[in-house]
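Down below is the structure, laid out as structure tokens.
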Amino acid sequence: MTAADFKSEFLRTFVERGAYYDCSAPEDLDALFLKERVTAYIGFDCTASSMHIGNLVQLMTLRRMQQAGHRPILLMGGGTTKLGDPSGKDEVRKLLTPEQIDANKQSMVAGISHLLKFGEGESDAIMIDNAEWLDKLEYIPFLRGIGRHFSVNRMLTMESVKIRLEREQALSFLEFNYMVCQAYDFVELYKRYGCRLQSCGSDQWGNVVSGIDLGRRVASAQLFGLSTPLITTSSGAKMGKSVSGAVWLNADMRSPYDYWQFWRNTEDGDVGRFLRLFTDMPLDEIARLEKLEGNERNEAKKVLATEATSIVHGRAAANEAAETARRTFEEGAFAEGLPTFEIPRDKLAEGILVANLAQMAGLSSSSGEARRLIQGGGLRVNDAAVSDVKASVSLSNLTGEGVIKLSVGRKKHILVKPI
RNA sequence: GGGGGAAUGUCCCGAGUGGCAAAGGGGGCGGACUGUAAAUCCGCUGGCUACGCCUUCGUAGGUUCGAGUCCUACUUCCCCCA
């Protein structure tokens with residue numbers, strides 16, 4: 001599919017931005033987008049207290065729908081999270097308590113307030129929790145009304161299930177019901193809100209198709225599915241997935257500055273693609289940035305970082321992060337915007353081992369690791385490498401700005417501030 | 001229901017004759033080179049009140065001076081038979 005295959009503003013943009021992977025009925029959906037204001041949804045499970053980079057393609061899809069004048073529904077899986085989605089998971093998910101799920105939901109939604117406009121207007125986003133209906137389901141009526149439309153034979157061939165079976169890993173009956181509930185959600189949203197489209201990542205495609213089938217059977221409705229590709233970096237890694245954890249969108253879990261840094265460190269080969277996917281930059285401008293070579297490519301990365309940060313944290317925070325980075329990396333100066341760590345003044349006056357300070361400031365997870373960092377020459381105080389494992393700092397190390405700059409590697413910096 | 005096999009460093013894969021903080025990868029982190037990139041090379045990759053101490057090999061017991069390694073029970077998964 002190319003953009004030229006579509007007439008509707010949304011689908012053209014969607015394709016041009018590189019977000020298109022698959023669609024259940026491209027021509028019909030295109031016609032629908034031309035004809036009316038479409039209500040569409042994407043579901044998110046409440047498994048963590050913040051959305052992360054992995055959810056971003058989906059969130060951007062909702063954003064672009066809104067920009068094209070349609071109505072996005074943010075479906076929070078307060079109900080489905082109680083089952084646990086088997087897709088892409090090697091092992092049974094740890095069950096969360098209803099309280100945790102609810103707290104996660106609140107926090108996740110709060111974290112994307114810049115990204116979507118919620119409200120009562122015609123193309124304002126609405127947030128719905130599928131616990132609203134899933135929690136109240138009655139087992140037998142549900143099985144008779146919905147369950148009979150599902151073929152176990154077919155469910156067993158679905159990717160999410162097959163992987164579990166092939167990898168010799170457990171799949172509980174509880175999780176097995178996940179796809180049924182997700183399909184039911186779609187139909188329920190159609191009935192309650194006239195929602196015609198579910199978008200998703202390619203890994204959820206099977207569940208979306210199940211929902212479309214179910215809609216035809218129980219509601220005689222033509223529902224649509226639209227999927228995005230799985231986003232990987234050009235060296236093949238899953239986006240934002242690392243041992244150190246997901247790249248969170250909530251500011252209290254990853255500061256705007258660190259978020260900016262994440263994008264700034266994008267691999268060369270990904271810059272153009274990410275600009276299209278994760279920013280609102282005009283395409284011709286992206287095309288220009290994409291052509292920059294060598295050292296100039298860093299300009300494109302800065303634009304990417306600032307624009308992507310702006311969408312999640314707002315323009316002001318993004319500009320501030322960019323400025324902090326400029327001062328730190330390009331001038332080698334102390335930038336006030338760097339993350340800070342506060343320490344009682346008298347504690348610092350006594351003198352404190354650099355290794356321990358690094359650990360307290362969160363730059364190292366154990367004193368052993370801090371020790372190893374020093375031995376490898378990776379820990380610096382005020383930009384000077386620490387050579388002695390037993391080195392300590394005190395008030396005399398404070399710079400003119402009244403702080404101590406502690407760095408791990410070339411990129412991670414923290415300002416230690418006495419209070 | 002019966003028989004056989006598997007579970008290892010809490011990121012993953014994976015070797016492991018009774019002396020093991022446990023081979024080797026991948027990943028990650030640090031260093032060099034660069035452009036805060038990639039590729040490449042080097043180092044590190046249980047914890048601590050640190051020349052010593054503590055905790056790790058599915059769970060719980062047992063044998064032994066000593067157990068990831070042997071025995072028993074349990075849990076989960078795979079395969080074969082029913």
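Lettering of chains follows the sequences in order, A, B, ..., and the numbering in each one begins at 1. Model, not experiment: these values are computed from the prediction.
- Between R288(A) and E285(A) there is a salt bridge, since at least one side-chain N of the basic residue sits less than 4.0 Å from a carboxylate O of the acidic one.
- Counting any heavy atom pair closer than 4.0 Å across all strands shown, G409(A) reaches sugar-phosphate atoms only and no base atom.
- Put simply, the side chain of Q261(A) and the base of U36(B) share a donor and an acceptor less than 3.5 Å apart.
- Using N1 to N3 plus N6-O4 or O6-N4 for Watson-Crick, or N1-O2 and O6-N3 for G-U wobble, each under 3.5 Å, U36(B) pairs with nothing.
- Which of C29(B), U36(B), G35(B) sits closest to the side chain of K412(A) comes down to C29(B).
- In this structure, the nucleotide among A37(B), G46(B), A32(B) sitting nearest to the side chain of K301(A) is A37(B).
- Annotation: C44(B) and G26(B) have their P atoms spaced 14 Å apart (nearest Å).
- Pairing for U17(B) is absent, judged as Watson-Crick or G-U wobble with the two contacts each under 3.5 Å.
- The side chain of R372(A) approaches U45(B) more closely than any other nucleotide in the set U45(B), G35(B), C48(B).
- Nucleotides U49(B) and C42(B) place their C1' atoms 33 Å apart, quoted to the nearest Å.
- Dashed line: the shortest gap from a side-chain N or O of S366(A) to OP1 or OP2 of G47(B) is under 4.0 Å.
- Judged by closest nucleotide on RNA chain B, R326(A) is the one of R371(A) and R326(A) placed further toward the 5' end.
- A32(B) sits 29 Å from U10(B) when the P atoms are compared, rounded to a whole Å.
- Phosphate contact (OP1/OP2 of C42(B), side-chain N/O of Q375(A), threshold under 4.0 Å): absent.
- Between G4(B) and A73(B), the distance separating the two P atoms is 12 Å to the nearest Å.
- Note: CG (L338(A)) to P (U36(B)) measures 16 Å, nearest angstrom.
- Q359(A) comes within 4.0 angstrom of the backbone, heavy atoms only, and of no base.
- Counting only heavy atoms from C-beta on, D268(A) has its side chain closest to G35(B) among U36(B), G35(B), G30(B).
- The interatomic distance linking R264(A) (CZ) with A37(B) (C1') rounds to 8 Å, in whole Å.
- Taking the P atoms as reference points, C54(B) lies 35 Å from G28(B), given to the whole Å.
- The residues D135(A) and K82(A) are annotated as salt-bridged, a charged nitrogen and a carboxylate oxygen being separated by less than 4.0 angstrom.
- Pairing for G52(B) goes to C48(B), judged as Watson-Crick or G-U wobble with the two contacts each under 3.5 Å.
- Comparing G68(B) with G58(B), their C1' atoms sit 12 Å apart, to the nearest whole Å.
- Across all strands shown, G1(B) forms a Watson-Crick or G-U wobble pair, both distances under 3.5 Å, with C81(B).
- Going from atom NE2 of H413(A) over to atom C1' of U36(B) covers 8 Å, rounded to whole Å.
- Note: CG (L373(A)) to P (G31(B)) measures 8 Å, nearest angstrom.
- In summary, the side chains of T80(A) and N130(A) do present a donor paired with an acceptor at a separation below 3.5 Å, with no hydrogens or angles considered.
- The closest side-chain heavy-atom distance from V312(A) to I112(A) is not below 4.5 Å.
- For N177(A), there are no side-chain hydrogen bond (donor to acceptor under 3.5 Å, both in side chains) partners two or more places apart in sequence or in a different chain.
- With its glycosidic angle within 90° of 0, C51(B) adopts the syn conformation.
- C74(B) and G58(B) make up a base pair, with Watson-Crick or G-U wobble contacts both under 3.5 Å.
- Relative to the side chain of F329(A), the nucleotides U36(B), A38(B), G35(B) differ in distance, and U36(B) lies closest.
- Atom CD of E369(A) and atom P of C29(B) are 11 Å apart (whole Å).
- Remark: the D22(A) side chain and the S227(A) side chain contain no N/O donor-acceptor pair separated by less than 3.5 Å.
- Nucleic acid contact for S367(A): base, since at least one base atom lies under 4.0 Å from a heavy atom of the residue.
- Under the salt bridge (charged side-chain N to carboxylate O under 4.0 Å, His left out) test applied with E307(A), the options R315(A), R276(A), K302(A) reduce to a single match, R315(A).
- Across all strands shown, C11(B) forms a Watson-Crick or G-U wobble pair with G26(B), both key distances being under 3.5 Å.
- Using a 4.0 Å cut-off between charged side-chain N and carboxylate O, E16(A) and R64(A) make no salt bridge.
- Following rounding to the nearest Å, Y257(A) (OH) and U36(B) (C1') show an atom-to-atom distance of 9 Å.
- Aromatic ring pairs are classed by plane angle as parallel below 30°, tilted from 30° to 60° and perpendicular above 60°; the pair Y20(A) and F14(A) is perpendicular.
- When each of G30(B), G35(B), U36(B) is scored by its nearest atom to the side-chain atoms of A325(A), the top-ranked nucleotide is U36(B).
- Of the listed nucleotides (C48(B), U36(B), A38(B)), A38(B) has the atom at the smallest distance from the side chain of E267(A).
- Side-chain nitrogen and oxygen atoms of R410(A) include at least one within less than 4.0 Å of the OP1 or OP2 phosphate oxygen of A32(B).
- Salt bridge annotation for D124(A)-R71(A): absent, with no cationic side-chain nitrogen under 4.0 angstrom from a carboxylate oxygen.
- Distance I374(A) CD1 to G30(B) C1': 12 Å, rounded to the nearest Å.
- Contact annotation for G377(A): backbone-only contact, meaning every heavy-atom pair under 4.0 Å involves sugar-phosphate atoms and none involves a base.
- Because its glycosidic torsion is more than 90° from 0, C54(B) is reported here as anti.
- Comparing V408(A) and K411(A) by the nucleotide of RNA chain B whose heavy atom lies nearest to each, the residue mapping closer to the 5' end is V408(A).
- Here A50(B) presents its P atom at 10 Å from CG of N356(A), a figure rounded to the nearest Å.
- Between the P atoms of C70(B) and C53(B), the separation comes to 28 Å (whole Å).
- Near-neighbour residues of RNA chain B inside residues 379-395 of chain A, defined by a heavy atom below 4.0 Å, number-ordered: R380(A).
- C57(B) sits 12 Å from A67(B) when the P atoms are compared, rounded to a whole Å.
- Between D185(A) and Q198(A), the closest side-chain pair of non-hydrogen atoms is not below 4.5 Å.
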